[in-house]
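One structure is given here, and the rest of the page talks about it.
All values below come from the heavy atoms of this structure, side chains included, with hydrogens, waters and symmetry mates left out.
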Amino acid sequence: MAKSRPNFPAQDVLSSAQAAVRSREWEGPTRWTEYLGPEIASRNNGAESAPTQNSSGSSQKGLNMQWVYQLTHVAAGLMAKMYRLNQILDYPDLVSHVYSETFWKAGLFPNHPKICILLEKRFPEHHSKLQLERVDKLALDAMNDSAEVHLQSLEPWIQLLLDLMAFREQALRLILDLSSTVITLLPHQNSLILHAFMDLFCSFVRVNLFSEKIPRKMMLQTYNLLHAMARNDRDCDFYHRLIQFVDSYDPPLKGLHEDLNFVSPRIGEVLEAVGPIIFLSTDTRKLRNEGFLSPFHPRYPDILTNSAHPMRAQDLANVTSYREWVLFGYLVCPDELLRVTSIDIAMVVLKENLVLTLFRDEYILLHEDYQLYVLPRVLESKRMAKSGRTKQKEADLEYSVAKQVEKMISEVHEQALYSCDAIHHERRILLKQEIGRMVLFFTDQPSLLAPNIQMVFSALAFAQSEVLWYFQHVGIASSKSKTTRVVPVETDPNDPTIGFLLDGMDRLCCLVRKYIAAIRGYALSYLSSCAGRIRFLLGTPGMVALDLDATLKGLFQRIVQHLENIPKPQGENISAITCDLSELRRDWLSILMIVTSARSSINIRHLEKATVSTGKEGLLSEGNAAYNWSRCVDELESQLAKYGSLKKLYFYHQHLTTVFRNTMFGPEGRPQHCCAWLGVASSFPECASPIVPEEVTKIGRDAVLYVESLIESIMGGLEGLINILDSEGGFGSLEMQLLPDQAANLMNLTSRLSIPSAKSPKGSYGFHLPGYESYPENNNSIKMLEAAMQRLTNLCSVLNDMEPICVLNHVFVLREYMRECILGNFKRRLLTVLKTDSDLQRPSVLESLIRRHTSIVHLAEQHVSMDLTQGIREILLAETYSGPVSSLQLFEKPTEQQTGSATEAVCNWYIENIVKDVSGAGILFAPQHRCFKSTRPVGGYFAESVTDLRELKAFVRTFGSYGVDRLDRMLKEHTAALLNCIDTTLRANRENLEAVAGSMHSGDRMETEANIKQIVDLDTMVRFCIQAGQAIAFDSLLAEASGVVLEEGAPLIYSLLAGIAKHLPGELPEKKEIRRMRRVANTVNVVNDHDFEWIRSILEEVGGATDGSWTLLPYLFATFMTSTIWNATAFNVDTGGFSNNIHCLARCICAVIAGSEFVRLEREYQQKRSLSNGHMGESLDPEAQNYLSIEGSIKSIMQLFIKFSAGIILDTWSESSRSHLIAKLIFLDQICELSPYLPRSSLESHVPYTILRSVYTQYYSNSSTPLALLSVSPRHSPAMSLAHTSPSLRQPRSDGTPQSNVSDSGYFKPSSAHGQDQYETESVNIRSIDSKNRNVRRSGPLDYSLSRKTRFTEGSTSGSTGPSPLPRFAVSRSGPISYK
């Protein structure tokens, strides 16, 4: 059986017997300990008993106000329990008896709906009369078996019904006693007791209205059925009392009308008294014009402290309570509507509201209940008046008033549906303006904040009410009375005034907290001066004549003592003053309890009459003012929480999030409002009731999720602002630059346009004409940029200065979120712009996009106290890091270290699409232009658009040394695999190659051809070597770009490396440090022969060229002259190369012969040194310890290769197959040009230069003929060098970087042919050649000068010891070879 707590009978609160008072004070806290908590109950008990014990005489006359506050607190606990029950039961629909699956699975009720719903529907019939066996016999048996379990689950909620019944009895008796005993309940006379009385009255109404939302009938009937099953058909002890209680409050308004009938007249008086304040609060024009919420006088601005309406302004802080009093009062006391003045009061409030909040987010539909329960009472009064119940005159008046009330109730619903949102929107605009001015004023004049603190409270209360009203009415649908159509309330989710109000309230509260010491000081000064005035009033003749009893006189003396003992703030630190004035307020409340009681011989009217004749404020007015100002000393935070707290918004936090997202970044959104929107969450946990412990966890979790959701929205908006600026319509529109030819075309077009026709803002080329920005219609884009920049900087500044948001044990620091957002967005943006829709982004475009985004971050960085630049550097480093730089850093890469995805993506693209040409775009290396070209676009661009020096420099600047090293390593890996193929071929064909060598040396042509035919996969080997040559060419371009970037960015380091590279010792074996230094110099292109050093480093790393078959390498390369690949080869004048990249084979041959020979000889030298047992000086020639001997060996091998290659070419020449002869001869000439180990005249001993000159003359003189197989972009002009036709046109070499005349090639466009005149005009510009890039000839195929190879002249058979061998060929009269 449920053990109910003892139900002490409610005692007379105003009993005159001492014992009765003590008994009542003991029973109260004991009864409600669960709702009050032991601390509050004991404190309340001690507080009430203290004045009683000290004043035995007055206790018979006084009111116990602690009971009022206690029962109000109990009401909140009861509603918290009912709210939790509703949550557990999934908000059941008790009217239509519809219950969800969650309801039955909650465990409170037996999961047998038929039985439980029947018990509820047949309430209050006893279960024994319902024949439940016929309804569901199985369910009834199951309930019987588990009766004890269900009893235990229902017991705490049956106890809740008992508590509701006890609360009803005690609260109702207290309300009736207060109503009949208190002399006056007017706001300006007895506001403290009035507010306590009305708070209890409204709490009583709320509790009973809310109780209708819980299944009281089902709980009681089911519990009694289970009790009867478990206790031999005995009803529970309290069953019949609860039946009577629930039935009397079904519906609750019926019971409330009966219970509160006796207090109805007092309620009517109170509502009439607060009417003027309510009217004032609805008159926005009067509030604005007369300055009720302005800190300065509206008509006299010089008077800064506004004392125009001191009492009215103070009362405005309570207007929210007054409106609730009106709505609840007329709902439960409908007879008071028949007062003449009540109609207007009720109509004003009803017109502004559609719902009446009961507790948290639980509400009732206001107008529906007025029409269901108030209108019938009004109609009944109308009928009674018409039947002549009273005198005719009074009957006519009553009938007329009733008719007006009936009309008002019938029509006000329609008005409210269509006007309430507009009314409140206008009020929110007023508050936005007034609070904004108030914040500015008090920020500028903080000394005036303290005198106007009550006005600040009024503004906060007003704004609090409006914000709560907005969210309470979101999604509300109200049915009109005449038709059943449901009409939703149209609240605008994009209303920006909510953000302004939240921000204004937050800033006002911050101002109060900032200057709290000044407010306390002002309040202490006021209280100190108040002591003298109260002492004077107590000594007036009127007070002396009253002959106060000892108790009352003693209380007044204690008030004066409290005030006189207040510490003086002058010359002291006010914030250090601790002052507890709770005793002062308790004594003043004791005085009020005595003088407002009808049983007291001295009442409030006596005191007013005795002291008001002095011409000053009366004693009660001074005491009430002292009470209010004392709260500004030690209870300022609680007052601030009362008027400025928005904790109730927790129950609408989802709507809160929606409105925030719709308004924050809208046209009227303000970044500084973020603080207020986020700060609201700090008060959410205060909504948790101690009665329901699990609420703290749930509300805390929801508050954290709310903050995280808002932060996500804020950071999304921040990213959006950055991305708006970092777009083609943002800063991108400011970076549009025309190429020189485009600018020239536009200038020509502009000059041809006449003035009338110049209105068109765009030219025929799709570019804007000069002056386009000045057109008025184009101002919006500039304004958009300015607005986005301003909003971005404001938001960053606000987030930087925002205080941490604390929600329970979670702390949100917005600065850190902002940092992570900006840097995370930068990282995502970086990875996004790496690729376009079609393929890789051009490095120059990528670099400009990164710089543009970085400039935006720098703009934001100026407004935050964080180093965002360092974060960007860390991201760039993380995205480009791919392990230690092989030539600089010796540490091992950590296994868990992630490599940069950006570097990997770009490097892989270059390897796959340029070096390997997996897409088959026809990638060709163009020595003349120092870039790669393609016959069709690779992705969205031609190959030259991503491989020329400008693009590679952009790549180096973007990805730095790590990116260069990663690409270099990938090129080395690819080349090492190809070199391994050469090694495999040498090993597999060693015998054949030895036979080839022997036959070549013996001059046996037939045997040579036969042995060459025995070599396997010769064409495949040639293609592999061409790929290796492409890789060598690409790495050479990369090293050149790295050198240029290093020279631009760190010229001292570059000059240091260049100087060191010239003086590196040539000793063998090389020390590790010297080798590292040589490799570092090679990566920035400051060594003599990049290709040789690069191949050498590859062979050293992979241990290549170890086999003796590598001595046969020149013979293998010579056999390449017999490959069928020459059949489809044609020399391209435009590019200076061949149509099938065979010129890359020349680079491969030069580099591989030199590199392999160096590695092979160095290894042989080391082996000899190890065999000599350390006696180097005795066993080895000292001259062999340097590079000279190796260079001589390389030179001899290269000459051997030239000799045998020329021999094979000439031997295989015949009348039937001579189409490839010219290509092979040009190829050998290019090898002589490329290799630093061969003099230019090396080929002349085998092929006369007269023949070569004739070949070149034929090509270059017929350059207008489409000899080249490579199509070019229309933006590219073929850079043709015609200097060989006249030696006088040759310009001296320059040390500067050559200026290429090739423009940026952009996206794919159709190719077009160029005329001879273009070649002639552009040929002179190409003659500017960098002497460092000696591997590639830019000035024509026969460019001889003093700077050309002077070391290896001994092998030349021509007179090359003079300035140049060119004059000998220039005067030659031999023409081109004639083909028959």
Exercise. Output yes when a side-chain donor or acceptor of E861 lies under 3.5 Å from a complementary backbone atom of T869, and no otherwise.
Key: yes
message: Given 3.5 Å as the limit, does a donor-acceptor pair link the side chain of N452 with the main chain of L448, or not?
response: yes
Closest heavy-atom pair, S682 versus P685, reported as atoms and distance to 0.1 Å, is O-CD, 3.5 Å
inquiry  = Classify the ring geometry of W325 against Y322: parallel below 30°, tilted from 30° to 60°, perpendicular beyond 60°.
reply    = tilted
Original post:
Quick one: does E466's side chain have a donor or acceptor within less than 3.5 Å of a partner on R428's backbone?
Top reply: no
Is there a donor-acceptor contact under 3.5 Å linking the side chains of H863 and N800? no
Side-chain donor-acceptor distances from residues 430-443 under 3.5 Å, at least two apart:
| from | atom 1 | to | atom 2 | distance (Å) |
| --- | --- | --- | --- | --- |
| Q433 | OE1 | R288 | NH2 | 3.4 |
| E434 | OE1 | S294 | OG | 3.3 |
| E434 | OE2 | R437 | NH2 | 2.8 |
| T443 | OG1 | V439 | O | 2.5 |

Using the ring of each side chain (for Trp, its six-membered ring), is W469 parallel, tilted or perpendicular to H424, with breaks at 30° and 60°? parallel
Nearest heavy-atom contact between R360 and F651 is CD-CZ, 3.0 Å
Residue set satisfying ring pair (Phe, Tyr, Trp, His ring centres under 6.0 Å) with F471, at least two apart, ordered chain then number -> none
request  = Indicate yes or no for a side-chain donor-acceptor contact from E635 to the backbone of S582 under 3.5 Å, with no hydrogens or angles considered.
outcome  = no
Here the pair of heavy atoms bringing L527 nearest to W629 is CD2-CB, 4.2 Å
**OP:** Decide yes or no for L640 and L460: does some side-chain heavy atom of the first lie under 4.5 Å from some side-chain heavy atom of the second?
**Re:** yes
Distance col, row F684:CZ vs L705:CG, nearest 0.5 angstrom, shows 11.5 Å
Given 3.5 Å as the limit, does a donor-acceptor pair link the side chain of T793 with the main chain of Q790, or not?
yes
